Amino acid sequence: MDMARLRQLDDYCFTVPRAAGEVRSEVLLYGSAPLLRTMDDMVLTQITNVAKLPGLVGPAMTMPDAHWGYGFPIGGVAAFDPDLGGIVSAGGVGFDISCGIRCLRSNLELKDAAAQFPQLADALFQAIPAGVGEEGALKLSSHELDQVMLGGAEWAVHQGYGSESDLALIEEHGKMRGAVPGNVSELAKKRQRGEMGTLGSGNHYLEVQVVEKIFDTQAARAFGLHEGQLLVSIHCGSRGLGHQIGTDYLVSLAKAASRLGIVLPDRELACAPINSPEGQEYLGAMNAAINVALANRQILAHLTRAVFARVIPGSHLATLYDVSHNTCKLEKHRVDGKDRMLYVHRKGATRAFGPNHPALPAEYQAVGQPVIIGGSMGTGSYVLAGTAEGERRAWSSASHGAGRAMSRNAALKKWRGRELIEQLKGQGILIRTKSMRGAAEEAPGAYKDVDLVAEATEKAGLARRVAFLRPKVCIKG
DNA sequence: ATGTTC
């Protein structure tokens, strides 16, 4: 990114000076100068475009892991007021609606389980369907899929996947309100009927990780984390259904924008007013996809528990938390001393409520929401906690991952999947995947340095670091 | 991200 175009507000926050006479809401880019310098200029172009959309409240923002996306940058956050003509955009949510991370904490120590990692890797790879178009053991009828879209993880628990106690530890208690299955196309449903309980491909993964470092002992205690402990993180989303909803509604929202005379700075920013038939229809479908993603991660958590119980008898996996990365949610936020209800787009950004937020489970009230920054294959991940400052600075939002630094095509030219997997094995990290192409695209070197992203996230005041997790076993889609 | 150029 051309840093000459930015004005630095503090060590970890930048803005774009307004041209004389230009009427435009503010843009804020969170992150260190070295992180921003390596970002594509398109991140700046895209977030500047977002700031021109109707009904924006406060600045359009990017998180420290931001990169070029479809219309909105990934790592983009923007809030809109429906009463001021505020819009909802499918590109502002992303194609993988409610992609996110389920983090499970175990009662196992690295030293006690390390000998079983090869067996665990094989058993997980066998039990967790992964890859493009991969189907699982479940084949749902159209009616059953409607129930998934309405019930989310709660539906999955009632089907016998996991326990009731998981639900309080999932955003929205495992069930997103406002889902309208009738707004989801037959094609989207058809694609999903065999894909429940599957991981998908791309950057999705299931990792067994060890807590290598604790940054904040008080929060770690509240989250039930200690050094040497094994965790499992499951990163996936709403599979074919979410993708098809994104595809379907780009067309419908573009038509609505045209009909209502909304000037789009980029056709990829197709959007409609929240208070319009098309906007409402998209939100109903998007909420249905959120429930599909929540149910999907619940089923995968259950499958993971079954493998652990078989391979390491006596093992137990409790839900630490389940975060979504690609959503547009109606939330109460403080604006100029007044509470307002805003629709917050978070695309490749994690909700990060601070301490005492009513949406948090009792055990996390004192320390804030767990925020999980999923690193790239083989590098490491972070658990952080939401802060009061994050509410003021970014509508309670934080980074979601390392964030790509290089396109998939560029990564394919630079690395070979098989070599990377051998190399990681030498570092004590077992990868299991069907796709060597996918492994090359996901090369750690194609991502930003997750340590720098987590550090910048903390120093920008968005969330504070609680623990660093080192991967030991990784199932890739 | 994605039945990976529906």
Side-chain angles (χ1 to χ4, degrees), chain A residues 46 65-76 89-102 129-136 138-140 145 184-206 234-252 254 268 270 285-286 289-290 292-294 296-297 300 323-328 345-350 374 376-377 400-413 417 433-443 446-447 475-477:
Chain A
Q46 290 192 321
D65 57 337
H67 57 106
W68 186 355
Y70 185 93
F72 269 60
I74 294 161
S89 164
V93 171
F95 278 76
D96 190 4
I97 297 167
S98 196
C99 177
I101 296 181
R102 167 68 69 97
V132 177
E134 189 72 18
E135 301 207 332
L138 274 174
K139 300 281 180 275
L140 300 185
L145 192 57
V184 178
S185 69
E186 285 308 315
L187 179 56
K189 292 183 204 176
K190 184 180 158 212
R191 286 180 64 173
Q192 192 60 32
R193 282 168 60 172
E195 287 190 346
M196 290 308 300
T198 66
L199 197 59
S201 66
N203 65 0
H204 291 167
Y205 60 77
L206 184 154
I234 303 166
H235 177 212
C236 63
S238 53
R239 306 289 285 105
L241 179 129
H243 193 271
Q244 189 60 47
I245 289 172
T247 305
D248 292 340
Y249 278 92
L250 277 175
V251 178
S252 130
E268 292 184 356
M286 182 206 67
I290 289 178
V292 165
L294 298 180
N296 196 32
R297 290 196 287 274
L300 289 169
V323 294
S324 290
H325 294 151
N326 289 353
T327 58
C328 176
H345 290 72
R346 293 190 186 89
K347 181 188 191 179
T350 308
S376 57
M377 179 174 70
H400 81 307
R404 290 201 80 89
M406 192 186 284
S407 72
R408 292 186 176 279
N409 274 332
L412 272 178
K413 284 180 193 150
T433 183
K434 283 179 193 160
S435 171
M436 290 306 144
R437 176 198 169 107
E441 288 178 355
E442 291 294 315
Y447 280 82
I475 311 302
K476 281 297 281 187

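Just so we're on the same page: letters track the sequence lines, and every chain starts at 1. Because the structure is predicted, anything quoted here is derived from the model rather than measured.
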message = Here's a test of your reading of the structure: between His235(A) and Arg437(A), which maps to the more 5' nucleotide of DNA chain B?
response = His235(A)

[X] has an atom [atom1]; how far is it from atom [atom2] of [N], in whole Å?
X	N	atom1	atom2	answer
Arg239(A)	dT4(B)	CZ	P	12 Å
Arg408(A)	dT5(B)	CZ	P	12 Å
Gln192(A)	dT2(B)	CD	C1'	12 Å
Glu135(A)	dT2(B)	CD	P	13 Å
Leu199(A)	dT2(B)	CG	P	9 Å
Tyr70(A)	dT2(B)	OH	P	17 Å
Glu134(A)	dT2(B)	CD	P	12 Å
Asn409(A)	dT5(B)	CG	C1'	12 Å

Counting any heavy atom closer than 4.0 Å, what does [X] reach on the DNA or RNA strands: base, sugar-phosphate only, or nothing?
X	value
Thr247(A)	nothing
Glu195(A)	sugar-phosphate
Gly94(A)	nothing
Ile97(A)	nothing

task = Would you please say whether a donor-acceptor pair under 3.5 Å links the side chains of Ser98(A) and Asn326(A)?
result =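 The criterion, which ignores hydrogens and geometry beyond distance, is not satisfied for Asn326(A) and Ser98(A).
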
key: Electrostatic pair Glu441(A)-Arg437(A), nearest N-O below 4.0 angstrom   =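 Yes.
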
ask   = So, Arg408(A) and Glu442(A), do they make that salt bridge, N to O below 4.0 Å?
value = yes

remark   = Across all chains, not counting sequence neighbours, the side-chain contact (heavy atoms from CB on, under 4.5 Å) partners of Ala349(A) are Met63(A), Val77(A), Arg346(A)

